[in-house]
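Shown next, in structure tokens, is the structure this report addresses.
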Amino acid sequence: MEVFQALQRLHMIIFSQNVSPCGKFLAAGNNYGQIAIFSLSAALSSEAKEESKKPMVTFQAHDGPVYSMVSTDRHLLSAGDGEVKAWLWAEILKKGCKELWRRQPPYRTSLEVPEINALLLVPKENSLILAGGDCQLHTMDLETGTFTRALWGHTDYIHCLALRERSPEVLSGGEDGAVRLWDLRTAKEVQTIEVYKHEECSRPHNGRWIGCLATDSDWMVCGGGPALTLWHLRSSTPTTIFPMRAPQKHVTFYQDLILSAGQGRCVNQWQLSGELKAQVPGSSPGLLSLSLNQQPAAPECKVGSARGSGDPGRPGCVDRSVTTLLPLGPDSRRQQLQGGCLYQSGLPSFLPVLLTSSNTPTSISGV
Amino acid sequence: MSSESSKKRKPKVIRSDGAPAEGKRNRSDTEQEGKYYSEEAEVDLRDPGRDYELYKYTCQELQRLMAEIQDLKSRGGKDAAVEIEDRRIQSCVHFMTLKKLNRLAHIRLKKGRDQTHEAKQKVDAYHLQLQNLLYEVMHLQKEITKCLEFKSKHEEIDLVSLEEFYKEAPPDISKAEVTMGDPHQQTLARLDWELEQRKRLAEKYRECLSNKEKILKEIEVKKEYLSSLQPRLNSIMQASLPVQEYLFMPFDQAHKQYETARHLPPPLYVLFVQTTAYGQACDKTLSVAIEGSVDEAKALFKPPEDSQDDESDSDAEEEQTTKRRRPTLGVQLDDKRKEMLKRHPLSVMLDLKCKDDSVLHLTFYYLMNLNIMTVKAKVTTATELITPISAGDLLSPDSVLSCLYPGDHGKKTPNPANQYQFDKVGILTLRDYVLDLGHPYLWVQKLGGLHFPKEQPQHTVIADHSLSASHMETTMKLLKTRVQSRLALHKQFASLEHGIVPVTSDCQYLFPAKVVSRLVKWVTIAHEDYTELHFTKDIVEAGLAGDTNLYYMALVERGTAKLQAAVVLNPGYSSIPPIFQLCLNWKGEKTNNNDDNIRAMESEVNVCYKELCGPQPSHQLLTNQLQRLCVLLDVYLETESHDDSVEGPKEFPQEKMCLRLFRGPSRMKPFKYNHPQGFFSHR
């Protein structure tokens, strides 16, 4: 069934991605529940062939879409419809890899199994926070595999999570349009910001949902239905509103810049002042995630990757240069990872300009 | 000494004079008393040795006397004169002796010469004789070899062996007692016997000839009788036809068909035999017939190889001339093309009857010079069909059988050798002639037992029964499915054009009872138009929009929302699903490029089509997909989040039961319909 396969590829969506602890591999999860492993070092090397851009391994991980993935030192954790599964990075490249364990948060029975939209590792207490369709944040102890607590307060499903490193606090943003700040020590909600209620950033025609969120000390950036906005947490006031019309699905701090992606073909780089520093176009019409390869051990794998929704068959990607804002030559090392619908680009020459710091090995992966 | 030599010469001179010699002879005559004087005879009596001694002695005496005379003269005394006189006399005597000796010597010499001459002549005579004898010997030897080498004609005659000869030959010829010891007589006898035998055989041969003549005459007579029988039999046959018809026994017809089949070219013959066999064994709805002029086929069959060879030869010439004078030879080239594309005068008609009494007529042709088979198809239905405009291509002979097997468009020639033939007469591709000739689908070649391996040359192509048989069943089934699905589409299109999506009762459970969105338009569009649509780029780039597909545009409306759907209908429908690309016009234009939910709707109909197939053989797929599209549009519109800032009620109040409105990072809408509970959920 050639036609069917072509159609399936055409309608593939990469929801999540994660760089391996060593920084050399990239895992990507799609809407058919498959996880594909790509070799970044092979795909980005100067002698990369078409073949090396295809997944090394593809396996069926979940029944439904793979919405979220994180990795610890040894494990890759993936979550989809109601379940989180753990895979050993060391064994993942072998054929017939089986999950190490699987856990289901304690859901109240319902007609539908709630999905897990976000996973967050809390390294200090060695726990994992899951959030999604049942409007709650579940904390799972990675040591024992038990669910220790549930935080509730959201009135609709949760899209995203972010961790404040200094104080053990977690931020969550959801479909109800609120960003809630939780104190992990007391397991209580400490602050609520209802973004859509602020006139500056509210955009009623897009809805009130918060699709993405990131923090850095006292600062928080969030976007979605409302405009992408930088908030000062202590004063709960929006400080910068970024002039981006399309809803953003992923945002992250990178040094003194903010990277965001969403509807539209570009990954955007913002100054904190709200000025658009650069736009890096990709082939996918919409991006659902970005991820940074922070691993210094593999400097050759500084990568931006993004998922493909929209674009059938050819997943989204981050593509460096080409923008008028970037005085860079034509892209010479853009790579496309096929099959998993992933597009990748080697960014070394692009980083200094784009990210201002040239020494830190970095990668952006987006889904 | 000088005086001595002059003295010696003197006698010679004297002898040549003759006269003084006479005198001397006379003197010797006196010495030879009683006999006639003959110095010649005297010579024989004297001993040459003693003559030599005498000569020596005489010379010494002369020398002595000369010396004494000189001595006396030099002394010069008185008495010397006498003594000198005395001595002069003595020396004269000696001179006489010398003269005599000289003559003798001459005679001896002459005698010796004569003797030598005589002996030589004798030797010469002997020698001549010897030569003659030798020549004679040689000649004789030659004669002998000639004789030895002589070959008689009788040696070439193959004679019967000796034992056989004595056994069979009558005694008056063999004469055993004479011939046993004498090989010559024996051979003669054997030759006689041979002659005798040959005479007898010749006699026999003449007899046989006359016998043959007689038999020929008999045959002639019998033939005449038989030919007079034929018309009578024919009339009997003619008379029996009504009886056969009356009894439903078409022996005659079948027989005639088999008779005609003998004139079919091999591939068509294979096809004919195999389809007839298949029809009799497995499928009663199949009927086979042969069409065309048998006489023409017979005429073709007479000079089969030669004419083709001429053809190719003149082709080559033609090519050369056309290079030089192409424009003037345009007409001729045209004829060449026609010749090359010529069909065999006979064709096989195959009627495939489907369940609903519609019939697929297939006519198979054989292109003699290209060695490929083509097919023309026609569909007739039991009831008259009202042809919807958009269904124009569905049953057209050109496309109804396209892609029966994946990728088999029937536009290119399956025989790799043809390309070279085309090059010669300037045909670019067979595509331009397909309408006229019929389509050379691969499966047609296989039914005819023609197999064209890619690498091998044309000559390995032979009509093969097993190949035909192995493809017969699948192909017949595919043909039937194709016709049925086309007819189903045909019917469906008629109602689609009137804005009704026909949903059969057994597919009703796939959709909610109330569907508000309506199909308002269903038109066919050209391939080029399809590729130019802005929202079909993905499909075109993925290579799913080939020009063999059929393209349609559907418009689904609800209120102010208009959903355009561009549909790719693969000729292999319904085993290969139609592909939908959507574009929603409502609050701006939404396509899969800027709206994830439009994308989700597309994958609902394109990827999840299997649940829409309905009962086998899934002829309802297209209509179900369209109905699903209407439902999806309902869900999309009703679940669209209400913009609080806009006054007034929502245009599309939510009527569908949904568990959740949005789900997941991409905020999908609940497109999945759950039967029988009737609510919508996420996939």
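Note on naming: letters A, B, ... go to the chains in the order of the sequence lines (proteins, then strands), and numbering restarts at 1 for each one.
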(request) Taking the side chain as every heavy atom from C-beta outward, state whether Ile539(B) and Leu10(A) have any atom pair closer than 4.5 Å. (result) yes
(request) Report the distance from atom NZ of Lys249(A) to atom CG of Asp596(B), rounding to the nearest 0.5 Å. (result) 5.0 Å
(request) Would you mind reporting whether Phe662(B) and His159(A) have side-chain heavy atoms less than 4.5 Å apart? (result) no
(message) For Lys656(B), I'd like to know if atom NZ has over 12 heavy atoms of other residues, nucleotides or ligands within 6.0 Å.
(response) yes
(message) Heavy-atom pairs under 4.5 Å with chain A: which of Gly543(B), Ala600(B), Ser603(B), Gly664(B) has the most?
(response) Gly664(B)
(request) Find the distance between CD (Gln263(A)) and CG (Asn593(B)) and round it off to the nearest 0.5 Å. (result) 9.0 Å
(request) Please step through salt bridge (Lys or Arg N to Asp or Glu O under 4.0 Å) for the pair Glu175(A) and Arg663(B), ending with a clear verdict. (result) CA-CA 9 Å; Glu175(A) 184 72 15; Arg663(B) 181 185 157 108; over 6 Å; no
(request) Please look at Tyr32(A) and chain B and tell me whether the side chain, the backbone, both or neither of the residue comes under 4.5 angstrom of a heavy atom of that chain. (result) side chain
(request) Quick one: which of Ile116(A), Asp156(A), Asn117(A) has the most heavy-atom pairs under 4.5 Å with chain B, could you say? (result) Asn117(A)
(message) Given heavy-atom pairs under 4.5 angstrom as the criterion, report whether the side chain, backbone, both or neither of Ile598(B) touches chain A.
(response) neither
(request) Evaluate whether atom CG of Asn585(B) has more than 12 neighbouring non-hydrogen atoms of other residues, nucleotides or ligands under 6.0 angstrom away. (result) yes
(message) What I'd like to find out is whether the side chain of His682(B) reaches to under 4.5 Å of the side chain of Glu115(A), using heavy atoms alone.
(response) no
(message) Testing the basics here: between Asn606(B) and His11(A), what is the closest heavy-atom pair and its distance to 0.1 Å?
(response) ND2-NE2, 3.6 Å
(request) Output yes when Arg683(B) and Asp81(A) qualify as a salt bridge under the 4.0 Å nitrogen-oxygen rule, no when they do not. (result) no
(message) Counting C-beta onward and ignoring hydrogens, is there a side-chain heavy-atom pair between Ile576(B) and Phe4(A) closer than 4.5 Å?
(response) no
(message) A side-chain contact here means heavy atoms from C-beta on lying under 4.5 Å apart; do Ile13(A) and Arg599(B) qualify?
(response) yes
(request) Identify which part of Gln677(B) has an atom lying under 4.5 Å from any heavy atom of chain A, answering side chain, backbone, both or neither. (result) neither
(request) Could you tell me whether the side chain of Val607(B) reaches within less than 4.5 Å of the side chain of Met12(A), counting heavy atoms only? (result) no
